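One structure is given below, encoded as structure tokens.
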Amino acid sequence: MSAALVFALFSVILIAATVFYLFFYRTWRRERELKAPFPESWRHYLDSHVQLYGRLPMPLKQALEQRVQLFLSEKEYYGCDGFEVDDRVKVTIAGHACLLILARPYSDFDEVSSILVYPDAYHVRDVESDGMVVSESHQIRAGEASSRGQVVLAWKECEEAARNPHSTHNVMLHEFAHQLDYLDGMADGAPPLSEEQARHWKLSMTEAYEDLRHSLHHHQKPWLDPYGATEPAEFFAVLTEAFFQQPDHLKRTQPEVYKALRGYYRLDPSDYRQTT
């Protein structure tokens, strides 16, 4: 048997094995995982640390629980700087992350592999090279996301967001929004969209982005966290925070942006702001 034929045979087997894993084994494993009862302690953490959970109708509550159950079975958590990652930490982060895919396919987070959790804001050493010039900077961060499927979070910031569900900041929503943005291969402020969605997204987001930058340039009080004006990728992440944290305000100030986000997330958080 020639080397070329052996290689071709090996390639076919590899592709078949990959297809089997993606479409059969993974599905079987997830179905098996969901047959296990959802722990009551996890439900307690969702109720106390993911405030929107308590306002959801029962079908959406169950959908969130299922996504959290899969998330916790598939993603690796690592404590950094001596931080101990317990169930409260895991469920709080998973609960907020899964709000973003509550009405979307769970597979949107297939590429997310690990979550690193620091006790507080952490220092990052950043080295950049521009030809012969090498510059070094030190930054303090509360979170970051990687196209390699890694999310880094500062627990103090996460806990503060969980305690203040109407605040403008939620680092968990922010960083997992970046993961959705990476789904098309780049962080450009536009996750994968249908053709019609993409047209409306471009028009509404471009206008709103320029409006935010204009407000800041003229020293006017912006309608959104100024960090959103940094670049389109941050604009999408900050908008996601506002969409889930302050939906009524975003809907009132930027109705077309809210409409675009509602279409993407397939959810309207303003429907669940009051306990029913």
Side-chain angles (χ1 to χ4, degrees), residues 50-53 55-57 59-60 63-64 67 94-109 111-112 143 145 151 161 164-216 222-274:
V50 184
Q51 298 299 320
L52 189 58
Y53 168 80
R55 301 188 179 101
L56 294 172
L60 287 180
L64 184 60
R67 281 157 174 74
H96 283 89
C98 291
L99 282 177
L100 305 189
I101 57 168
L102 178 55
R104 293 189 55 79
Y106 176 78
S107 58
D108 280 358
F109 278 164
E111 299 304 313
V112 176
V151 174
N164 299 282
H166 305 297
S167 70
T168 57
H169 301 293
N170 186 308
V171 67
M172 295 170 283
L173 297 177
H174 186 104
E175 300 306 338
F176 281 98
H178 281 315
Q179 289 297 328
L180 295 176
D181 197 0
Y182 280 130
L183 283 175
D184 58 3
M186 63 184 76
D188 57 0
L193 301 162
S194 69
E195 187 175 342
E196 184 178 345
Q197 280 182 314
R199 283 197 298 268
H200 181 251
W201 189 278
K202 184 177 181 179
L203 288 172
S204 58
M205 294 298 179
T206 300
E207 183 178 345
Y209 182 63
E210 293 304 325
D211 178 57
L212 178 62
R213 289 168 62 89
H214 180 272
S215 296
L216 293 171
W223 53 273
L224 188 70
D225 181 353
Y227 189 58
T230 307
E231 58 180 82
E234 298 301 343
F235 187 59
F236 170 57
V238 170
L239 278 176
T240 294
E241 293 180 74
F243 182 70
F244 286 96
Q245 299 279 110
Q246 299 180 313
D248 295 332
H249 175 71
L250 183 61
K251 192 175 186 178
R252 183 173 63 255
T253 55
Q254 294 288 330
E256 289 303 311
V257 167
Y258 192 87
K259 180 180 177 182
L261 289 167
R262 184 181 62 202
Y264 174 69
Y265 285 114
R266 306 173 188 176
L267 195 69
D268 192 339
S270 66
D271 287 344
Y272 313 117
R273 300 314 292 177
Q274 301 295 325

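These numbers come from a predicted model, not from an experiment.
Within the 4.5 Å cutoff, no side-chain heavy atoms of Ser204 are placed close to those of Tyr258. Using a 4.5 Å heavy-atom cutoff, the side chains of Pro222 and Leu216 are in contact. In this structure, Ile101 and Phe176 have side chains that are not in contact, with every pair of non-hydrogen atoms separated by 4.5 Å or more. Looking at Pro191 and Tyr265, their side chains never come closer than 4.5 Å, going by heavy atoms from C-beta outward. At a threshold of 4.5 Å between non-hydrogen side-chain atoms, the residues Phe235 and Leu239 count as touching.
Of all heavy-atom pairs between Gln179 and Ala145, the closest is NE2-CB, 3.6 Å. Contact detail for Ala187 and Tyr182: the closest heavy-atom pair is CB-CE2, 3.5 Å. Between Asn170 and His96, the shortest heavy-atom distance links the atoms ND2-CD2, 3.4 Å. Closest of all the heavy-atom pairs between Leu250 and Val257 is CD1-CG1, 4.5 Å. The nearest pair of heavy atoms linking Gly263 to Gln197 is O-NE2, 3.2 Å. Between Thr240 and Ala177, the closest heavy-atom pair is OG1-CB, 3.7 Å.
Of the possible donor and acceptor atoms, one in the side chain of Tyr209 sits under 3.5 Å from a partner among the backbone N and O of Ala229. In this structure a side-chain-to-backbone donor-acceptor pair under 3.5 Å is present from Gln245 to Pro165.
With values rounded to the nearest 0.5 angstrom, Asp225 atom CG is found 9.5 Å from Glu234 atom CD. Distance check: Asp268 CG to Lys259 NZ gives 12.5 Å after rounding to the nearest 0.5 Å. Rounding to the nearest 0.5 angstrom, the gap separating the CH2 atom in Trp201 from the CG atom in Leu203 is 13.0 Å. One distance of note links OH of Tyr264 with CZ of Phe236; it measures 5.5 Å at 0.5 Å rounding. We find the CG-CD distance between Leu212 and Glu210 to be 9.5 Å, quoted to the nearest 0.5 Å. With rounding to the nearest 0.5 angstrom, the CG atom of Leu60 is 5.0 Å from the OH atom of Tyr272.
If you run side chain to side chain contact (heavy atoms under 4.5 Å, CB included) between Leu56 and each of Leu102, Leu267, Asp271, only Leu102 comes through.
If you check the side chains of Glu256 and His200, you find a donor sitting under 3.5 Å from an acceptor.
Pairs of residues two or more places apart, or lying in two chains, never qualify as salt bridge (charged side-chain N to carboxylate O under 4.0 Å, His left out) while including a residue from residues 176-192.
Annotation: cation-pi pair Arg104/Phe109 absent, no NZ/CZ under 6.0 Å from the ring centroid and within 45° of its normal.
The side-chain hydrogen bond (donor to acceptor under 3.5 Å, both in side chains) test applied to Glu195 returns Arg199, not counting sequence neighbours. Annotation: side-chain hydrogen bond (donor to acceptor under 3.5 Å, both in side chains) contacts of Glu241 (sequence neighbours excluded): His174. Looking at residues two or more places apart in sequence or on another chain, you find no salt bridge (charged side-chain N to carboxylate O under 4.0 Å, His left out) involving Arg67. Checked against ring pair (Phe, Tyr, Trp, His ring centres under 6.0 Å), Tyr53 has no partners two or more places apart in sequence or in another chain. Remark: His249 engages Gln246, Arg252, Thr253 in a side chain to side chain contact (heavy atoms under 4.5 Å, CB included) (not counting sequence neighbours).
Within a 6.0 Å radius of CD in Glu207, no more than 12 heavy atoms belonging to other residues, nucleotides or ligands are found.
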